Number of protein chains: 2
Amino acid sequence: MIQRMTRQRSAVAELLADVDDFRSAQQLHELLRGRGNEIGLATVYRTLQTLADAGEVDVLRAEDGEALYRRCSRREHHHHLVCRRCGTAEEIDGPGVEAWAEAVGAAHGFSDIVHTMELSGICASCAAEAGDA
Amino acid sequence: MIQRMTRQRSAVAELLADVDDFRSAQQLHELLRGRGNEIGLATVYRTLQTLADAGEVDVLRAEDGEALYRRCSRREHHHHLVCRRCGTAEEIDGPGVEAWAEAVGAAHGFSDIVHTMELSGICASCAAEAGDA
DNA sequence: CCCTTAATGAGAATGATCCTCATGTTCAGA
DNA sequence: TCTGAACATGAGGATCATTCTCATTAAGGG
Ligand SMILES: [Mn+2]
Ligand SMILES: [Mn+2]
Ligand SMILES: [Zn+2]
Ligand SMILES: [Zn+2]
């Protein structure tokens, strides 16, 4: 848990409030530097980790395994529809998936079931750009 | 696409036929060595990559981002219920998820929708072990 | 057989992420 | 406001999975 508020942590929080695309730790670090915030990469990683543990940010993995972070508008469990090109994301619900996952897990004798369900695609804006070129 | 059959590729294919848990490339390399198969780690990576591209093996990511491979019994699209402890996996269907994903994606103006939905938990066998200790 | 060319593998390179530890900062309490 | 103990930072190094390089090996069609 975060115990002390620092300049760096405030900067990360502010950035996450402005950016609503899924971004890697390194991208966020670049953005912070671009905004004039002095902050070390290790601190960005640590802060994101802490926020993730606290459920403040959602983490998902790009196809290459890189971790992507985003502060969603709601803290409750939900799923995402993410643009593979630009990272923009929509929060969506998975109607019935939660109950279904529990049932399937139990039917196979598994306990402590967790599930992931993520959608990705190309957003309208990125599709338009591609069409131009 | 694979153009030539080699001792190494045969060994990987045989191993994948025997192991039905999700395993990392390095674990598979260890297993091959243990079976007396001389094979380089790079070759294991390359072979798994090729098999994955061909849809012969499924790839999913552990929580730490490491890639895990498994040759499933069916080549058609499906989902998994994986034990986080031992890697054993059950193949499951996601009734209605495919259509739902398409619909949600389209509703948000996204194209080329792909979805992932994976369940994980602790299998009965691993739960029993944990209970002993 | 015999080449052409794909495949292999040892070792180096890459890249994300974590760790170390000396130094800087926060903030509860005086 | 003043301190100091504990927490936080960051530069640089360590890890570790995965990929690349390139000299060497070996499929397999003809
Ligand atoms: Mn869900
Ligand atoms: Mn599906
Ligand atoms: Zn986009
Ligand atoms: Zn298990």
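Fair warning: this is a prediction, and the values are worked out from it, not measured in the lab. Just so we're on the same page: letters track the sequence lines, and every chain starts at 1.
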**Rounded to 10 degrees, the angle between the two terminal axes of the helix from C:dC1-D:dG30 to C:dA30-D:dT1, each from five pairs** = 30°
**Message:** Just the rounded figure in Å: distance from P of C:dA16 to CZ of A:Arg61.
**Reply:** 13 Å
**Asked** Are any of the side-chain nitrogens in A:Arg70 or A:Glu91 under 4.0 Å away from the carboxylate oxygens of its partner?
**Response** yes
**Message:** Please evaluate residues A:Glu38 and A:Arg7 with respect to the criterion salt bridge (charged side-chain N to carboxylate O under 4.0 Å, His left out), reporting the C-alpha separation (whole Å), side-chain torsions for both, the decisive distance (0.1 Å), and the verdict.
**Reply:** CA-CA 9 Å; A:Glu38 289 281 313; A:Arg7 173 174 57 74; over 6 Å; no
**Message:** side chain to side chain contact (heavy atoms under 4.5 Å, CB included), that's the test. Do B:Leu60 and B:Val82 meet it? Break it down for me.
**Reply:** CA-CA 10 Å; B:Leu60 58 81; B:Val82 185; 4.0 Å; yes
**Message:** Does any part of the side chain of B:Val44, heavy atoms only, come nearer than 4.5 Å to the side chain of B:Tyr69, both counted from C-beta?
**Reply:** no
**Message:** Measure CG/B:Leu41 against P/C:dA10 and give the value in whole Å, please.
**Reply:** 10 Å
**Asked** Centroid-to-centroid, A:His79 to B:His115, below 6.0 Å?
**Response** no
**Message:** If the cut-off is 4.0 Å, is A:Gln8 near the phosphate of D:dG10, judged by side-chain N/O to OP1 or OP2?
**Reply:** yes
**Item:** Results of side chain to side chain contact (heavy atoms under 4.5 Å, CB included) for B:Arg84 - residues two or more places apart only
**Value:** A:Asp112, A:Val114, B:Glu63, B:Ser120, B:Ile122
**Message:** According to a hydrophobic-cluster definition based on side-chain heavy atoms being under 4.5 Å apart (Ile, Leu, Val, Met, Phe, Trp, Tyr only), do B:Leu41 and B:Leu15 belong together?
**Reply:** no
**Request:** Verify side chain to side chain contact (heavy atoms under 4.5 Å, CB included) between B:Val12 and B:Leu28, making sure each step is shown before the conclusion.
**Result:** CA-CA 8 Å; B:Val12 171; B:Leu28 292 170; over 6 Å; no
**Interface residues of residues 10-40 of chain B with DNA chain C (non-hydrogen, below 4.0 angstrom)** = B:Glu38, B:Ile39, B:Gly40
N/O to N/O distances under 3.5 Å, protein versus nucleotides 19-26 of chain C:
{"unit_1": "C:dT26", "atom_1": "O2", "unit_2": "A:Arg4", "atom_2": "NH1", "d": "2.8"}

**Message:** Using a strict heavy-atom distance below 4.0 Å, which residues from residues 65-72 of chain A are in contact with DNA chain D?
**Reply:** none
**Item:** Contacts of type side chain to side chain donor-acceptor pair (under 3.5 Å), residue A:His80, not counting sequence neighbours
**Value:** A:Asp58, A:His78, A:Glu118
**Asked** If you measure only the distance, is there a donor-acceptor pair under 3.5 Å linking the side chains of A:Gln8 and A:Thr47?
**Response** no
**Item:** Min side-chain heavy-atom separation B:Val57-B:Phe22 under 4.5 Å
**Value:** no
**Asked** Quick check: does any side chain N or O of A:Thr50 sit under 3.5 Å from a backbone N or O of A:Arg46, one acting as donor and the other as acceptor?
**Response** yes
**Request:** Starting from C1' on D:dT19, measure out to CG on A:Asp64 and report it in whole angstrom.
**Result:** 13 Å
**Message:** Side-chain N or O of A:Tyr45 versus OP1/OP2 of C:dT17: is the shortest distance under 4.0 Å?
**Reply:** yes
**Message:** Using a strict threshold of under 4.0 Å (side-chain N to carboxylate O), is an ion pair present between A:Glu66 and A:Arg61?
**Reply:** no
